[in-house]
Amino acid sequence: MQRASYFKAISKVTSPLLLLADRFNDLLTVTENDLDGHVDHCLGFAAELAELDNDAAKTRARFISMQCSGTYTKEFFNANRESWGIPIFEEELLSYTDFKNGFLFTFRDHSTSWSDDVEARNWFYSSAEAKSVRQYQFWTFDNSFEEIVFETTGNYKSIMWGIVNDLQDYWALTSKIFSKSELTTFYDNFDEDVSGFDKEELFEILKTNPNF
């Protein structure tokens with residue numbers, strides 16, 4: 001399968017986390033600052049997932065339980081990630097080590113030195129998995145070695161605002177985490193002379209967000 005077709009197909013897979021959308025949102029509220037101190041909540045969510053008549057839900061429940069208990073999860077994660085809507089990116093741009101207690105904790109964004117950088121970034125902007133992220137890193141290879149040139153922590157929305165305001169990656173505004181009023185206010189206050197970015201191009205980006 002061609003890579004473009006592969007990513008398109010994976011994007012249509014519903015994350016098992018959304019099968020318990022309200023409970024997932026409750027869990028995100030409880031774990032606002034850290035996933036480490038809330039193992040019981042994560043295990044409770046896993047128990048509810050395991051009860052669903054859905055294979056992806058059951059395997060995700062097992063992954064959460066395995067990570068909560070400190071069990072090595074690389075092979076299990078790689079065998080099941082696509083059924084959870086998590087693509088396999090070249091050069092391991094996302095791996096099981098980016099997860100804590102079964103939920104995505106760190107997103108390692110990458111420059112064009114990595115072949116799937118755009119696909120991984122677009123997935124991060126659109127996937128329900130990203131909502132649990134509490135750490136963001138941007139990696140480059142500009143100096144002939146891998147290094148982090150930007151890093152921020154917080155909840156998903158604050159991280160996304162950091163990508164928009166600090167990195168000036170306006171494609172982050174395609175995320176559904178932003179409300180219509182937030183997008184409209186950002187556009188109305190946007191100064192293309194200060195940013196060096198064309199406001200008409202910004203409008204075209206914002207139009208792809210269903211909330212705009």
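In this chain, residues are counted from 1 in sequence order. These numbers come from the heavy atoms of this one structure, side chains and all, not from hydrogens, waters or symmetry mates.
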* In terms of hydrophobic clustering (I, L, V, M, F, W, Y; side-chain heavy atoms under 4.5 Å; direct or indirect links), are W84 and L18 co-clustered? -> no
* Asked: Is there a path of hydrophobic side-chain contacts, each under 4.5 Å between heavy atoms of I, L, V, M, F, W or Y residues, that connects L183 with W171?
  -> yes
* **Working for side chain to side chain donor-acceptor pair (under 3.5 Å), residues Y6 and E119** => CA-CA 11 Å; Y6 169 74; E119 289 77 12; over 6 Å; no
* Asked: Judged by atom type as modelled, is there a donor-acceptor pair below 3.5 Å linking the side chain of S11 to the main-chain atoms of K8?
  -> yes
* Does F124 reach the side chain of L93, with side-chain heavy atoms less than 4.5 Å apart? -> no
* Taking the six-membered ring of F212 (Phe, Tyr or Trp), confirm whether the NZ or CZ of K180 is under 6.0 Å from its centre and within 45° of its axis. => no
* Find out if a path of hydrophobic residues (ILVMFWY) with successive side-chain heavy-atom gaps under 4.5 Å connects F7 to W123. => yes
* Donor-acceptor pair, side chain of R60 and main chain of S15, under 3.5 angstrom -> no
* Does the side chain of D117 reach to within under 4.5 Å of the side chain of F89, using non-hydrogen atoms? -> no
* Should E129 and R81 be marked as a salt bridge (charged side-chain N to carboxylate O under 4.0 Å, His left out) after you check the CA-CA gap, both sets of side-chain angles, and the distance that decides it? -> CA-CA 11 Å; E129 295 283 344; R81 60 188 290 175; over 6 Å; no
* Structure fact -> For F197 and L202, the nearest pair of non-hydrogen atoms, with its separation, is CE2-N, 3.6 Å
* CZ/F77 to OG1/T97 distance, rounded to the nearest 0.5 angstrom? -> 8.5 Å
* Side-chain donor or acceptor of T73 paired with backbone N/O of F76 under 3.5 Å -> no
* Under 4.5 Å between any side-chain heavy atoms of H41 and N101, yes or no? -> no
* Are the side chains of F103 and C42 in touch, meaning some heavy atoms are under 4.5 Å apart? -> yes
* What do the steps show when you test I10 against E82 for side-chain contact (heavy atoms from CB on, under 4.5 Å), and what is the final call? -> CA-CA 7 Å; I10 293 292; E82 291 170 301; 3.9 Å; yes
* To do: With ring pair (Phe, Tyr, Trp, His ring centres under 6.0 Å) as the test, would you mind laying out the steps for Y72 and Y96 before giving the verdict?
  => CA-CA 9 Å; Y72 186 73; Y96 76 104; 5.6 Å; yes
* **Donor-acceptor contact present, side-chain T59 to main-chain A56, <3.5 Å** => yes
* Backbone N or O of T153 within a donor-acceptor pair of the Q135 side chain at under 3.5 Å? -> no
* Asked: Is the shortest heavy-atom distance from the side chain of S65 to the side chain of L43 under 4.5 Å?
  -> yes
* Asked: Just wondering, do F107 and D98 contact through their side chains at under 4.5 Å, heavy atoms?
  -> no
* To do: To the nearest 0.5 angstrom, please state how far the CE atom of M160 sits from the OG atom of S175.
  => 4.0 Å
* Excluding sequence neighbours, so at least two apart, what forms side-chain contact (heavy atoms from CB on, under 4.5 Å) with A61? -> A46, L49, A50
* Residues that N165 engages under side-chain contact (heavy atoms from CB on, under 4.5 Å), provided they are two or more places apart -> W161, F186
* **Presence of salt bridge, E92 and R108, under 4.0 angstrom** => no
* Structure fact -> Smallest heavy-atom separation, S111 atom then F141 atom, equals OG-N, 4.1 Å
* At what distance, to the nearest 0.5 angstrom, does OG1 of T106 lie from CG of L104? -> 7.5 Å
* Asked: CG/D109 to CD1/I159 distance, rounded to the nearest 0.5 angstrom?
  -> 11.5 Å
* Asked: More than 12 non-hydrogen atoms from neighbouring residues, nucleotides or ligands closer than 6.0 Å to CG on D198, yes or no?
  -> yes
* To do: Show the numbers, then the answer: is there a side chain to side chain donor-acceptor pair (under 3.5 Å) between W139 and Q137?
  => CA-CA 6 Å; W139 290 73; Q137 302 170 344; 3.0 Å; yes
* Hphob cluster co-occupancy, V164 + V149, side-chain heavy atoms under 4.5 angstrom -> yes
* **N209 side chain vs T174 backbone, donor-acceptor pair below 3.5 Å** => yes
* To do: Mark yes or no for whether K131, through its side chain, and L28, through its backbone, hold a donor-acceptor pair below 3.5 Å.
  => no
* To do: List the steps, then state whether side-chain contact (heavy atoms from CB on, under 4.5 Å) holds for Y125 with D169.
  => CA-CA 11 Å; Y125 293 164; D169 182 356; 2.6 Å; yes
* Looking at CD of E91 and OG of S115, how far apart are the two atoms once the value is rounded to the nearest 0.5 Å? -> 4.5 Å
* **F24 and F45 aromatic ring geometry - parallel, tilted or perpendicular at 30°/60° bounds** => tilted
* To do: Return yes when atom CG of D55 has more than 12 non-hydrogen atoms of other residues, nucleotides or ligands closer than 6.0 Å, and no otherwise.
  => no
* Asked: Is S132 close to F105 at the side-chain level, that is, under 4.5 Å between some pair of heavy atoms?
  -> no
* Asked: Would you find more than 12 non-hydrogen atoms of other residues, nucleotides or ligands less than 6.0 Å from E204 atom CD?
  -> yes
* Take Q168 and S195 through the test side-chain contact (heavy atoms from CB on, under 4.5 Å) and record every step on the way to the result. => CA-CA 8 Å; Q168 293 187 305; S195 67; 3.8 Å; yes
* Would you check if L19 and N54 make a side-chain contact, meaning some heavy-atom pair closer than 4.5 Å? => yes
* Asked: Are I163 and I148 linked, directly or through other ILVMFWY residues, by side chains that come within less than 4.5 angstrom of each other?
  -> yes
* Asked: Quick check: does any side chain N or O of S158 sit under 3.5 Å from a backbone N or O of N155, one acting as donor and the other as acceptor?
  -> yes
* Distance in Å, T31 OG1 paired with L27 CG, rounded so as to fall on 0.5 Å steps -> 4.5 Å
* Between K58 and D53, is there a donor-acceptor pair closer than 3.5 Å when you use the side chain of the first and the backbone of the second? -> no
* Asked: If you measure from the Lys or Arg side-chain nitrogens to the Asp or Glu carboxylate oxygens, is any gap between R3 and D116 under 4.0 Å?
  -> yes
* **Sidechain-backbone polar pair: N211 side chain, K176 backbone, donor-acceptor under 3.5 Å** => yes
* Asked: Considering residues at least two apart in sequence or located in another chain, which fulfil the side-chain contact (heavy atoms from CB on, under 4.5 Å) criterion with S69?
  -> T71
